[in-house]
Amino acid sequence: MSTTLNNLFAQFEPAAKAAQEQEHKYLIIDPIYEHFETLQAAPFDEVLPRILKLIESCPEADYGGPGPFGSLIEEHPMASYTPALAESLLRQPSIQVIGWLDRTTRVDDDMRQRDPNPIGNAEFAAVLRQVLVHPGASQDCKDFAQDCLNDL
């Protein structure tokens, strides 16, 4: 599966760069959807780091809300991905990953009982504060981080 994933993400990288440069999200979203079943079939612990690495390399691209990657991620228990999302934001902030992590803080109490999230509001707020001072974060990303922080 690693070879298949390597090949897919080698295709996704130029698509993400083009999507970011041209501000045209479907340049990346469409190729992801074309290979969505392959991504779903791959071990999640192999796919998630590749998704985050891609987003970190093109943090201003719009991958959809939540988009194909977000939909894939949300098929899994929050404990299997929220720590990785928080770590990604500390490496290279992006609106995309902030949005995904923000969605996990907005689940209802019933869902929270069934699918506990190790990143609670306090942890999310701490990450958002780091985004606000991160030298690699765009102003749009910092503004979104501040909005999410205000909503907590």
Side-chain angles (χ1 to χ4, degrees), residues 5-6 8-36 39-40 42-108 111-112 115-152:
L5 289 177
N6 288 341
L8 284 180
F9 280 87
Q11 293 173 37
F12 295 160
E13 188 172 329
K17 286 180 181 174
Q20 180 172 282
E21 291 167 3
Q22 297 175 36
E23 296 181 7
H24 187 349
K25 66 183 177 181
Y26 291 103
L27 294 175
I28 184 61
I29 290 173
D30 288 346
I32 297 167
Y33 273 129
E34 287 175 23
H35 300 285
F36 193 73
L39 294 169
Q40 282 180 305
F44 186 62
D45 63 338
E46 290 182 30
V47 174
L48 181 60
R50 292 168 199 254
I51 291 170
L52 296 174
K53 182 179 177 188
L54 177 68
I55 292 171
E56 289 169 20
S57 73
C58 296
E60 296 304 308
D62 183 347
Y63 299 86
F69 283 152
S71 296
L72 175 70
I73 289 168
E74 290 177 353
E75 291 177 358
H76 297 86
M78 284 191 278
S80 70
Y81 66 86
T82 56
L85 297 181
E87 291 166 9
S88 175
L89 289 172
L90 296 176
R91 289 189 299 269
Q92 176 56 64
S94 67
I95 291 170
Q96 189 72 51
V97 176
I98 291 173
W100 291 338
L101 199 51
D102 183 61
R103 286 169 58 89
T104 69
T105 67
R106 298 181 184 283
V107 299
D108 62 32
M111 176 65 158
R112 200 177 315 275
D115 187 9
N117 183 359
I119 305 295
N121 287 355
E123 293 84 3
F124 185 39
V127 169
L128 291 171
R129 284 190 206 85
Q130 291 296 313
V131 168
L132 293 173
V133 297
H134 195 288
S138 70
Q139 189 59 51
D140 287 343
C141 184
K142 290 178 180 182
D143 291 346
F144 186 52
Q146 184 63 59
D147 289 345
C148 291
L149 193 55
N150 293 345
D151 288 344
L152 286 177

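As the structure is a prediction and not an experimental result, all values here were calculated from the model.
Remark: D151 pairs with R106 by the salt bridge (charged side-chain N to carboxylate O under 4.0 Å, His left out) rule, at least two apart or across chains. Listed by chain and residue number, E75 satisfy the side chain to side chain donor-acceptor pair (under 3.5 Å) test with Q40 (two or more places apart in sequence, or in another chain). Scored by the side-chain contact (heavy atoms from CB on, under 4.5 Å) test, D115 finds P77, M78, M111 as partners (sequence neighbours excluded). Residues meeting the side-chain contact (heavy atoms from CB on, under 4.5 Å) test with L101, sequence neighbours left out: T82, L85, A86, L89, T104, I119, F124. R103 meets the side chain to side chain donor-acceptor pair (under 3.5 Å) test with E74; sequence neighbours excluded. Residues satisfying the side chain to side chain donor-acceptor pair (under 3.5 Å) criterion with S88, sequence neighbours excluded, are E56. Applying the side-chain contact (heavy atoms from CB on, under 4.5 Å) rule to A125 yields the partners R129, L149, L152; only residues at least two apart in sequence or on another chain are considered. When the side chain to side chain donor-acceptor pair (under 3.5 Å) test is applied to Q139, the partners found at least two apart in sequence or on another chain are D143.
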Return a table of donor-acceptor pairs under 3.5 angstrom between the side chains of residues 19-26 and protein atoms on other chains or two or more places apart.
{"unit_1": "Q20", "atom_1": "OE1", "unit_2": "E60", "atom_2": "N", "d": "2.8"}
{"unit_1": "Q20", "atom_1": "OE1", "unit_2": "A61", "atom_2": "N", "d": "3.3"}

Return all side-chain donor-acceptor pairs below 3.5 angstrom for residues 10-18, not counting sequence neighbours, or 'none' if the list is empty.
{"unit_1": "E13", "atom_1": "OE2", "unit_2": "K17", "atom_2": "NZ", "d": "3.2"}

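In this structure a side-chain-to-backbone donor-acceptor pair under 3.5 Å is present from H134 to R91. Between the side chain of R112 and the backbone N or O of V107, at least one donor-acceptor pair lies under 3.5 Å.
Annotation: the span from Q96 atom CD to F144 atom CZ amounts to 9.5 Å, rounded to 0.5 Å. Atom CG of L5 and atom CD of E46 lie 6.0 Å apart (nearest 0.5 Å). Note that the CG atom of L72 and the CG atom of L48 stand 8.5 Å from one another [nearest 0.5 Å]. With rounding to the nearest 0.5 angstrom, the CG atom of L8 is 10.5 Å from the CD atom of E34. Rounding to the nearest 0.5 Å gives a distance of 13.5 Å between NZ of K53 and CD1 of I55. The distance from the CG atom of L128 to the SG atom of C148 is 6.0 Å, given to the nearest 0.5 Å.
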For L39 and F9, run side-chain contact (heavy atoms from CB on, under 4.5 Å): C-alpha distance rounded to whole Å, both residues' side-chain angles, the deciding distance at 0.1 Å, then the answer.
CA-CA 10 Å; L39 294 169; F9 280 87; 3.9 Å; yes

With side-chain contact (heavy atoms from CB on, under 4.5 Å) as the test, would you mind laying out the steps for L52 and Q92 before giving the verdict?
CA-CA 9 Å; L52 296 174; Q92 176 56 64; over 6 Å; no

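Pairing each heavy atom of L132 with each of A145, the nearest pair is CD2-CB, 4.0 Å. Closest heavy-atom contact between F36 and S71: CZ-CB, 4.4 Å.
Pairs of residues two or more places apart, or lying in two chains, that qualify as ring-ring contact (aromatic ring centres under 6.0 Å, His included) and include a residue from residues 70-92 are F44-H76.
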